[in-house]
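Structure first, then comments.
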There are 2 protein chains.
Amino acid sequence: MPSPTATADLANQLRASVTRLARRLRYERADTALPLTHLATLGSLDRHGPLTPGELAHHERIQPPSMTRVLAALEGRGLVSRHPHPTDGRQVLVELTDAAHELLAEDRRRREAWLSTRLSELSAAERATLRAAAEIFDRLVRG
Amino acid sequence: MPSPTATADLANQLRASVTRLARRLRYERADTALPLTHLATLGSLDRHGPLTPGELAHHERIQPPSMTRVLAALEGRGLVSRHPHPTDGRQVLVELTDAAHELLAEDRRRREAWLSTRLSELSAAERATLRAAAEIFDRLVRG
DNA sequence: TCTAAGTCATTACCTTTGCTAACGAAACTG
DNA sequence: CAGTTTCGTTAGCAAAGGTAATGACTTAGA
C-alpha cells in the first residue's frame, strides 16, 4: 500500500520532469522542421497503415479539429494523401506518401540528435529504466 | 555498447510517450487553476529559495521574457514578491509569499488528481521505475 | 576616470498548437 | 423516408511559448 503523500510527491516530481523534458524535446527538433505532433502522426501512420482522421486524433490524444489542421499541413507538404473511404462516404483514409516514407527513414538514419546522444551516454540499466517508463506512460495515458 | 538503432528507437518511443503524457498533464490541471509552468516555478522557488528571474527561466527551460510573464501572473495572484538584489541593481530576487507556501501545502495535501490516482494503481515496482526515470530525465535536461 | 560594451529584466509583438462551437454531408434507425 | 447520429471540417479563440528591441545598471579598457 503506497503512502498517499509519497504518491503525491512522485506525481509532483514526474509532472515537473516530464514537462521540462517535453519542452526541451519540442525545441530540439529544428533539423526536421516538423512539429512534434506532425512527426508523431506520421509515425502512427507508419506503424498502423492508413487511418481515418478520427482514429489519428484519438491516437495522438488531440481533438479531431486539431488533427484536421495537422493533416492539412502534412498534405500541403506532400507527406500524406487523403482518399475516400471505400464503404463510408463520411470518412476519409489518410496514408503516407513515398516522400513521407523517405523522410521517416532519413529521420531515423540521421538521428544523431540530442536525445539519442544523451541516451547513448547512459548505462544500459538506465536505458532499460526509460524503456520501461515509456511503456508505463503509455498505459497511464491510455487510461 | 548500445546498438545505435536500438538507441534511436528508444529515443523515438520516449519522445512520443513523453509528448503525449505532457499534453495530457497540461489539460488535466483544471482544479488548481494554475498553469503547469507556474506551478513548476513555485516548486523551484520552494526547493531553492529566492531566485532571480533569469535563474528561474534557466531552471524551467524557458526564455527570460516568458518567465517575466509567468512572474507577473504569479505576482498578480499574490504568490510571489519581487525584491531588489542586494548587490546588483539590474537583478531582482523573487520569493514565495506565505500564500504560496499555503497553496503548495494544500496542493500537495489534496492531490487526488488524475496523475496521483493513476500512479496509485501501479505496482510499487512500477512507481520505483518512474521515480528513477524522473531523475534520469532531469539529468538529461540538465545536460 | 569615464566611455564602451555587456548583462539583466522588461516590453511589444508574433507564432504555434491546442481548444470548443457550429455546420454540412453521409449513414443509420425506426 | 423523416429524425438522429457520426464524421470531417470550418471558424473563432486561448494558452503559452518565442524573438527583437529597450532601458537601467554593471564591468572593462583606454
Side-chain angles (χ1 to χ4, degrees), chain A residues 15-16 18-30 32-42 50-77 80-95 141, chain B residues 16 19-30 32-42 50-77 80-95 141:
Chain A
R15 184 183 53 181
V18 166
T19 301
R20 278 194 292 260
L21 180 57
R23 192 152 49 222
R24 179 72 188 249
L25 283 173
R26 166 180 302 184
Y27 288 94
E28 205 66 42
R29 110 252 97 140
T32 87
L34 270 189
L36 229 44
T37 309
H38 296 205
L39 217 47
T41 299
L42 294 181
L51 295 172
T52 69
E55 290 168 328
L56 282 168
H58 184 73
H59 255 92
E60 298 310 321
R61 308 286 150 170
I62 62 180
Q63 296 301 311
S66 302
M67 182 52 75
T68 291
R69 193 161 7 149
V70 169
L71 293 177
L74 291 175
E75 193 173 34
R77 300 183 60 134
V80 303
S81 54
R82 301 188 219 211
H83 304 281
H85 193 286
T87 67
D88 188 335
R90 295 167 303 178
Q91 298 192 53
V92 169
L93 276 178
V94 180
E95 61 182 42
V141 168
Chain B
T19 302
R20 278 193 292 259
L21 180 57
R23 192 154 49 223
R24 178 72 186 249
L25 283 173
R26 167 179 299 183
Y27 288 94
E28 204 66 42
R29 106 255 97 136
T32 86
L34 268 190
L36 227 45
T37 309
H38 297 205
L39 217 47
T41 299
L42 294 180
L51 295 171
T52 68
E55 289 168 328
L56 283 168
H58 183 73
H59 255 92
E60 298 309 321
R61 254 70 200 186
I62 62 179
Q63 295 302 308
S66 302
M67 183 51 74
T68 292
R69 196 157 4 142
V70 169
L71 293 177
L74 291 176
E75 194 174 34
R77 300 183 60 134
V80 302
S81 54
R82 300 185 220 213
H83 304 281
H85 192 285
T87 67
D88 188 334
R90 295 165 304 178
Q91 299 192 53
V92 170
L93 276 178
V94 180
E95 62 182 40
V141 168

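Computed from heavy atoms alone, side chains included, the values below leave out hydrogens, waters and symmetry copies. Here is how names work: the chains are called A, B, and so on, in the same order as the sequence lines, proteins then strands, and each is numbered from 1.
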Revision key, fill the gap. Rounded to whole Å, the CE-P distance (B:Met67 to D:dA15) equals 18 Å

Point to revise | 4.5 Å side-chain heavy-atom contact, B:Glu60 and B:Val70 | key: no

Review point. For the pair made of NE2 in A:His85 and P in C:dA27, what is the distance, rounded to whole Å?
Key: 10 Å

Point to revise | Protein-nucleotide distance (B:Ile62, atom CD1; D:dT19, atom C1'), rounded to Å | key: 14 Å

Practice item. Please state how far atom CG in B:Leu93 lies from atom P in C:dA9, giving the value in whole angstrom units. Key: 9 Å

**Study point:** Upstream residue (5' side of DNA chain C) when B:Arg69 and B:Thr52 are each assigned their closest nucleotide
**Key:** B:Thr52

Exercise for review: Would you classify B:Pro53 as touching base, sugar-phosphate or nothing, given that sugar-phosphate means primed atoms plus P, OP1 and OP2, and contacts are heavy atoms under 4.0 Å?
Suggested key: sugar-phosphate

Review point. 5'-most contact on DNA chain C: A:Thr37 or B:Asp88, nearest heavy atom basis?
Key: B:Asp88

Check your understanding: When the distance from CZ of B:Arg61 to C1' of D:dG18 is rounded to whole Å, what number comes out?
Key -> 17 Å

Review point. Is B:Arg23 near enough to D:dA15 that one of its side-chain N or O atoms lies under 4.0 angstrom from OP1 or OP2?
Key: no

Point to revise | Non-hydrogen side-chain atoms of A:Leu34 and A:Leu42 separated by less than 4.5 Å | key: yes

Practice item. Spell out yes or no: do the side chain of B:Arg90 and the base of C:dT7 have one donor N/O and one acceptor N/O closer than 3.5 Å? Key: yes

Exercise for review: Scan A:Thr19 against the nucleic acid and name what it touches under 4.0 Å (heavy atoms): base, sugar-phosphate only, or nothing.
Suggested key: nothing

Check your understanding: Hey, does A:Asp88 have a side-chain heavy atom less than 4.5 Å from the side chain of A:Thr52?
Key -> no

**Study point:** Between P of D:dA16 and CG of B:Leu39, the distance in whole Å
**Key:** 12 Å

Review point. Is the shortest heavy-atom distance from the side chain of A:Thr68 to the side chain of A:Pro53 under 4.5 Å?
Key: no

Exercise for review: Between A:Glu55 and B:Ser66, name the one whose nearest nucleotide on DNA chain D is closer to the 5' end.
Suggested key: A:Glu55

Exercise for review: Among D:dA11, D:dA16, C:dA25, find the nucleotide with the atom closest to the side chain of B:Pro35.
Suggested key: D:dA16

**Study point:** A:Arg23 side chain reached by B:Val141 side chain, heavy atoms, under 4.5 Å
**Key:** no

